[in-house]
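Below is one structure, written out as structure tokens; the observations come after it.
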Amino acid sequence: MTTPAGRPLRRLAEVPVTELRHVSEKRATSLAQMGIESVFDLLTTYPRRYVDRTRQIDLSDLSVGDEIAVFAEVTRTSARRTRQGRALVDVIVDDGTGTLKVVFFNQSWRERQLATGTQAMFFGKVTDYRGARQMTNPVVDVIVGASGQERDPSRVGRVVPIYPASGKAGFTSWEIGGFVEESLRRAGELSDPLSDEVRATYDLIDRTSAFRGIHAPSDLADVPAARRRLVFDEFFRLQLLLALRRSRLERDALGLAHRADVSDLDVAPGSLTTSDSTLVRQFLARHRFALTGAQHRALGHIFGDLASVRPMHRLLQGDVGSGKTVVALTTMLAGLDSGHQAALMAPTEVLAEQHVASLRADLDGLTRRDEGTLGGERPINVALLSGKLKAPERRRLIEQIARGDVDIVVGTHALLTDDVVFQSLGIVVIDEQHRFGVEQRATLRDKGRGVDGTGRDPDLLVMTATPIPRTAALMLFGDLDLTILDEMPRGRQPVATQWVRGDDDLVAWNAVRREVESGHRAFVVCPLVEGSEKIEAASAVAERERLESGPLAGLRVGLLHGQMKTVEKELTMEKFRRGDIQVLVATTVIEVGVDIPEATIMVIEDAWRFGIAQLHQLRGRVGRNDLSSYCYLLGEPTTPDGSARLEALVASHDGFYLAEVDLELRGEGTLLGARQRGRSDLRLASLARDGEMLLLARAAADQLVRERPNLEGLDELVDELRLFVDDEEAQYLFKS
Ligand code: ADP
Ligand code: MG
């Protein structure tokens with residue numbers, strides 16, 4: 001399958017940079033600071049951009065007002081101070097057709113950087129200074145340093161790659177380029193782990209051409225195809241690892257076949273059931289609403305998974321308000337019906353508390369069989385395993401869980417500690433905000449196996465609080481099956497959203513008054529305050545006073561923040577639900593999960609300080625019934641991104657669309673963040689930009705693992721994958 005000729009890329013990771021001609025021990029140390037230790041690292045240090053020298057403007061042709069890039073040699077550099085005492089560096093550059101004066105303020109180090117003889121790119125705007133053309137504080141990329149040894153004119157071709165230079169490590173783009181060039185030359189032909197057939201299917205050039213095309217293009221037109229191949233490789237490796245992990249999980253699984261019956265899902269509210277029907281039937285028959293089509297479909301997939309011995313690993317995505325909770329609850333009840341327990345993990349204590357409250361309300365009156373009790377039945381027992389429990393309480397609860405007296409355990413990470421052992425854990429639901437990793441999932445699975453290892457792997461359902469883009473989902477949760485709730489409960493109207501700029505916020509307060517007067521409720525979300533929760537709480541207290549004595553005078557205004565005691569919070573929410581409180585001034589503690597259908601208006605102060613997902617989640621607290629609802633975003637953003645976020649919120653209610661915008665604005669760094677382990681393999685690829693390639697790579701990886709579950713005969717590829725996982729994981733993935 002592989003092209004036999006040529007050197008495997010993997011081998012280059014074993015060649016230290018000191019093998020290169022100009023890399024001394026000292027320079028190797030500096031390179032290591034940039035994360036570059038091997039020739040492989042050098043080859044995967046990609047140019048940030050290119051300068052096409054054939055398309056340069058001659059200095060003699062420059063006009064005032066041009067915004068341009070010029071490639072020129074420094075002919076004179078001098079430093080002095082202005083009369084106000086600012087450091088000023090004057091540089092004269094020459095490109096053979098003319099000269100230009102470049103000045104730098106407060107950058108005295110430029111004198112050293114731009115010594116006479118240095119060749120560099122200068123990006124900036126040409127201005128007029130006392131009748132002469134000049135560039136002030138341009139962006140500079142040194143291409144050829146002033147010292148003799150670097151000056152190899154043969155290297156300045158038509159297209160000059162600009163590498164991420166590092167001031168700290170002391171390398172210019174030119175030096176890095178020199179190391180890369182030598183690496184490329186001495187590496188020679190690289191073997192290609194992709195067969196001709198795969199390359200043809202996905203329209204990919206061969207690996208050697210790709211590395212040459214990205215580092216030493218003879219024409220800028222060579223770059224896209226090179227980039228395409230290298231981006232594919234990055235995604236392909238990651239997706240292969242995920243596909244392998246999935247197939248290993250399946251192979252090693254000791255799953256449970258639950259008695260989940262899809263026909264139970266067709267029970268409509270108001271149907272007659274008897275106490276010997278399944279909990280799922282009884283629950284749906286008594287519930288206050290019928291399942292949406294999307295909920296029914298999702299549960300159909302889930303019940304299919306539950307009934308099979310293969311443990312479920314499923315991600316449930318749905319927009320805010322699409323009704324994920326009832327899907328999770330029905331899933332857990334199916335586990336109870338089969339005689340097992342369920343665990344629900346939430347990202348925060350506040351959310352865990354809310355889940356417990358709403359589960360208890362929803363399950364009120366349902367009983368399960370228990371031969372140990374007098375009537376042979378007992379209520380379903382939902383318990384909160386809070387991090388706040390005192391040691392004796394905690395011990396008691398843990399005993400109850402181990403005995404099977406608790407049916408549904410809700411908690412945060414506290415569920416993961418070693419002392420929590422279940423009698424028989426059948427279902428795990430993780431209500432997560434990108435915070436639980438693969439390892440934690442594995443830990444939970446092991447809880448099903450129990451202390452003596454004789455148990456079975458529970459079925460796992462992961463839910464995201466707000467949608468994430470499909471591409472990001474594949475990266476973050478690529479080892480899970482995906483179900484999307486693509487339909488909202490009936491009668492939902494979009495929340496009419498308005499961005500009120502400047503000091504015009506009276507519009508918003510008047511709207512609050514109007515809604516409250518028609519018997520509805522209002523949320524006011526206080527600005528995010530950096531620092532502690534205490535400071536944030538204090539500012540919420542002040543804001544409530546301001547509103548009560550000012551714009552909202554005469555209304556019953558309440559307060560909710562994270563520093564209040566749990567009982568105080570519950571009492572406040574209860575008053576708000578009843579209408580004793582009409583306006584609730586709150587911090588982001590209301591962000592997730594709060595469900596007050598009478599709330600029809602929300603005012604978010606300094607809205608631009610929040611992220612898109614957070615704003616969408618907040619706005620999701622209103623519009624939860626068939627009344628018209630409103631959201632006012634206040635504030636004058638101080639950043640372009642801030643404005644872009646508010647514009648997006650005004651323009652769309654679609655969480656999936658907003659997630660795409662978010663990804664574009666923030667880049668994937670924040671999304672993937674801590675999730676990436678070991679060597680980060682996304683050096684070139686970008687989720688926002690290369691989503692299509694990701695899907696192709698995923699398809700290719702899935703097909704390969706289907707055809708060759710142990711990557712038989714693909715030793716070179718396996719070797720390459722080893723670069724990106726630690727030894728333990730490699731052991732797990734590659735032993736056959
Ligand atoms: P989310 O997906 O954001 O967690 P929830 O599960 O909190 O959404 O549901 C949002 C609101 O919609 C809740 O008030 C819930 O009771 C209601 N709801 C959920 N499913 C339905 C349905 N099938 N019909 C009517 N209302 C529903
Ligand atoms: Mg929810």
Side-chain angles (χ1 to χ4, degrees), residues 264-271 280 283-300 302 314-333 344-348 350-364 410 429-434 461-468 473 482-495 520-521 523 573 576-577 588 590-600 602 613-627 629 631 653-656 658-659:
D264 281 2
L265 299 173
D266 297 327
V267 173
S271 313
V280 170
F283 169 70
L284 292 175
R286 316 160 20 131
H287 202 49
R288 56 187 193 284
F289 50 71
L291 297 174
T292 63
Q295 286 166 333
H296 192 278
R297 280 193 295 281
L299 280 166
I302 291 170
R314 191 169 285 280
L315 176 68
L316 178 67
Q317 281 227 71
D319 206 345
V320 178
S322 60
K324 293 182 286 291
T325 316
V326 73
V327 174
L329 178 49
T330 310
T331 303
M332 292 194 286
L333 288 178
L344 172 59
M345 269 173 91
T348 64
V350 175
L351 199 55
E353 285 163 19
Q354 281 180 13
H355 274 311
V356 169
S358 83
L359 286 178
R360 285 188 181 144
D362 280 340
L363 295 175
D364 189 34
V410 183
V429 177
I430 302 184
D431 187 5
E432 81 148 43
Q433 297 180 306
H434 317 175
L461 183 68
V462 178
M463 307 192 290
T464 56
T466 44
I468 54 179
L482 180 64
T483 296
I484 294 181
L485 289 182
D486 50 5
E487 178 188 339
M488 287 289 191
R490 227 159 345 138
R492 289 293 162 73
Q493 300 180 35
V495 181
H520 305 147
R521 294 279 194 279
F523 286 108
M573 287 311 290
F576 187 53
R577 217 179 290 275
T588 50
I590 61 151
E591 181 184 335
V592 195
V594 169
D595 190 26
I596 311 272
E598 295 78 21
T600 55
M602 171 174 283
Q614 211 175 5
L615 288 169
H616 183 58
Q617 196 41 257
L618 282 168
R619 179 171 62 177
R621 298 310 107 211
V622 295
R624 296 174 84 81
N625 58 22
D626 48 8
L627 300 166
S629 308
C631 177
H653 296 86
D654 177 349
F656 286 92
L658 290 172

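Ligands are counted one by one from 1 in listed order, and the atoms in each one are counted from 1 as well. The first residue in the sequence is number 1, and the count goes up from there.
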Distance-minimising heavy-atom pair for [X] and [Y]:
X	Y	result
S271	A285	O-CB, 3.5 Å
L315	A473	CD2-CB, 4.4 Å
D319	D654	OD2-C, 3.7 Å

Out of all atoms in ligand 1, which are within 4.0 Å of some heavy atom of [X]? Include the element for each.
X	answer
T325	4 (O), 5 (P), 6 (O), 7 (O)
R492	11 (C), 12 (O), 17 (C)
V320	3 (O)
D319	2 (O)

Heavy-atom nearest option to atom 16 (O) of ligand 1, drawn from K324, R624, R288: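 Closest candidate by heavy-atom distance is R288.
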Compute the minimum heavy-atom distance from [X] to ligand 1 and say whether it is under 4.0 Å.
X	result
S322	yes
L485	no
R621	no
G321	yes
A290	yes

Nitrogen or oxygen of P489 less than 3.5 angstrom from that of ligand 1: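 In this structure, P489 places no N or O atom under 3.5 Å from an N or O of ligand 1.
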Min N/O separation V326 to ligand 1 under 3.5 Å: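 In fact, backbone or side chain, V326 has no N or O that close.
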Partner of L316 under side chain to side chain contact (heavy atoms under 4.5 Å, CB included), chosen from L461, L299, I430, V429: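 So, applying the side chain to side chain contact (heavy atoms under 4.5 Å, CB included) to L316 and each of L461, L299, I430, V429, only L461 qualifies.
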Non-hydrogen side-chain atoms of F283 and V326 separated by less than 4.5 Å: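 In short, these two side chains touch, coming nearer than 4.5 Å.
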Plane angle bin for H287 and F289 - parallel if under 30°, tilted between 30 and 60°, otherwise perpendicular: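 The rings of F289 and H287 stand perpendicular, inter-plane angle above 60°.
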Salt bridge D362-R288, side-chain N to carboxylate O under 4.0 Å: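 Salt bridge between D362 and R288, a charged N being under 4.0 Å from a carboxylate O: yes.
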Under-4.0 Å salt bridge between D486 and R297: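 A salt bridge links D486 with R297.
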